[in-house]
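To start, the structure under review is shown below, and the notes come after it.
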2 protein chains.
Amino acid sequence: MIASQIDAEFLRYLLAHDCQPGTRLPSLDEISAEVGISVGKLREQFEVARTLGLVEASPRKGIRCLAYDFLPAVRLSLMVALSLQRDAFRSFASLRIHLETAFWDEAVVLLLPDDIARLNELVARAQAKLTYDRIQIPYPEHRQFHLTIFNRLGNPFVLGLLEAYWDAYEAVELNTYADYAYLQEVWSYHERIVKALEAGDTATGKELLIQHMRLIDKMGVAHELPVPMSVKQTQGVEL
Amino acid sequence: MIASQIDAEFLRYLLAHDCQPGTRLPSLDEISAEVGISVGKLREQFEVARTLGLVEASPRKGIRCLAYDFLPAVRLSLMVALSLQRDAFRSFASLRIHLETAFWDEAVVLLLPDDIARLNELVARAQAKLTYDRIQIPYPEHRQFHLTIFNRLGNPFVLGLLEAYWDAYEAVELNTYADYAYLQEVWSYHERIVKALEAGDTATGKELLIQHMRLIDKMGVAHELPVPMSVKQTQGVEL
DNA sequence: TCAATCTGATTGATCCGATAAATCGGAATA
DNA sequence: TATTCCGATTTATCGGATCAATCAGATTGA
């Protein structure tokens with residue numbers, strides 16, 4: 001029924017054969033014979049499935065199904081948007097801020113003690129990186145910090161979108177921006193957020209989340225809050 | 001720079017050649033020669049671009065670029081999820097509710113008099129459909145009502161996700177459910193929402209939006225609010 | 001002279017077969 | 001028994017043939 005919405009024999013085949021993670025599929029020749037299209041046409045549709053992260057393949061090993069993941073489709077479309085539209089990152093960043101704020105209450109009540117411990121560990125590692133003689137940008141910690149908070153939602157669409165945000169963040173090279181004072185302040189907020197979560201104070205945590213997104217670096221750029229393009233152009237920052 | 005994130009010669013070609021809507025591309029043979037891969041391999045990547053809604057093609061007319069659209073990628077991935085995971089619709093519905101609520105304030109202040117007129121027209125058409133001797137389900141009006149409110153955001157990602165929600169709504173056939181009393185109540189709320197918008201009362205409009213999503217039909221199903229699976233199973237409703 | 005029809009060219013769509021590359025499991029060997 | 005080799009499997013890529021859709025210009029008839 002839903003498969004009828006999908007105009008590709010191979011994708012319908014995947015759904016009809018209950019494509020569970022790890023399942024090995026027949027060879028391309030066999031699938032071609034079963035669904036009634038040539039191997040060439042099948043490979044075109046196979047490439048779509050692979051690009052969407054539904055399957056993986058290598059010579060001799062064959063084709064295997066992967067676990068469903070919203071991210072590949074979102075990430076590819078978003079990368080295209082970032083190339084074609086100058087304010088695509090700002091738009092997606094706006095979406096991300098609203099998602100984190102909107103799902104905050106649902107997400108933080110699901111956090112386990114392990115998660116809180118993980119968040120504390122990330123804060124410690126980030127602060128250590130900012131204390132070394134040779135400063136390292138705690139970008140992986142930043143990414144993991146935010147994704148860990150929302151992970152327990154178990155909502156593949158929300159998680160996929162948030163992960164795509166960080167991939168875009170890297171693509172526009174915000175992760176390489178080394179403003180020491182800004183980063184110190186960001187991680188000070190992160191530390192306070194975790195303390196609020198430990199105290200069960202989700203409202204304060206949310207308020208700190210919102211405040212910390214408004215932080216600006218010394219160039220006047222809010223890394224996690226999209227400012228209007230006109231402000232950005234005046235300051236000569238390219239995004 | 002961003003194109004380097006994209007592992008397909010044809011997609012990189014599209015981005016490098018400033019693929020603006022309406023632009024006609026060279027033939028497959030010519031692109032194949034330019035990017036240095038065979039026509040067969042090019043067609044595989046072309047199928048991905050087509051599936052993402054980046055280009056369209058027909059024999060003799062050639063290949064043309066389309067305007068960027070987040071929807072095709074989201075819709076396809078979502079359709080796959082709906083087939084593979086039983087609570088995918090519920091997860092996506094949760095995302096949609098939060099998006100509408102989160103972006104409400106930004107969206108309604110952008111509405112033009114034409115938009116308010118359009119919303120009134122949609123309410124009138126829906127109520128007419130519910131008044132005929134032979135009731136017609138005002139599904140297209142319902143979809144357009146919600147999409148019109150958020151259209152002026154100009155955020156392609158938010159709009160794409162909201163459109164995908166309605167495509168999923170159709171795919172799970174919620175649009176065919178004809179509970180007269182429920183629909184009457186839904187459209188009563190819609191009418192009140194437009195009246196609140198006309199009065200400039202965005203807070204009341206938002207409250208009505210949230211309330212109307214909690215409406216349940218006579219089977220106990222909230223069409224726009226995902227209830228936990230256990231409640232659904234008890235009531236024998238399949239989704 | 002203009003409208004209708006036809007046709008060759010263009011170009012995507014689909015198919016088929018050949019070859020290269022990656023990988024694995026079983027046979028052979030030390 | 002461990003290591004190496006090799007044939008088989010199967011994906012990856014290429015090139016060519018044919019079909020189908022569409023268009024612009026030529027031809028024909030009124």
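Letters A, B, ... are given to chains in the order of the sequence lines, protein chains preceding strands, and every chain is numbered from 1. Computed from heavy atoms alone, side chains included, the values below leave out hydrogens, waters and symmetry copies.
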ring-ring contact (aromatic ring centres under 6.0 Å, His included) partners for A:F157, two or more places apart: A:F70, B:F92
B:S38 vs D:dC14: side-chain N/O to OP1/OP2 distance below 4.0 Å: yes
N or O in side chain of B:R24 less than 4.0 angstrom from C:dT11 OP1/OP2: yes
Along DNA chain C (nearest heavy atom to each residue), the more 5'-positioned of A:V39 and B:G62: B:G62
5′-ward residue of the pair A:G40/B:S27 relative to DNA chain C: B:S27
Does a donor on one side chain and an acceptor on the other come within less than 3.5 Å for [X] and [Y]?
X	Y	value
B:S77	A:Y68	yes
B:E141	B:H190	no
A:Q45	A:E9	yes
B:E173	B:T176	no

Report the distance from atom [atom1] of [X] to atom [atom2] of [N], rounded to the nearest whole Å.
X	N	atom1	atom2	answer
B:L28	C:dA13	CG	C1'	9 Å
A:E44	C:dC16	CD	P	14 Å
A:K41	D:dT13	NZ	C1'	19 Å

Parallel, tilted or perpendicular: ring planes of B:Y13 versus B:H17, cut at 30 and 60 degrees: parallel
A:C19 backbone acceptor or donor facing A:T23 side chain under 3.5 Å: no
Sorted by number, the residues of residues 48-57 of chain B with heavy-atom contact under 4.0 Å to DNA chain C: B:R50, B:A57
Summary of protein contacts for nucleotides 17-23 of chain C, nucleotide by nucleotide, where a base hit scores B, a sugar-phosphate-only hit scores S (4.0 Å, heavy atoms): ----BBB
Heavy-atom neighbours of A:K129 NZ exceed 12 at 6.0 Å: yes
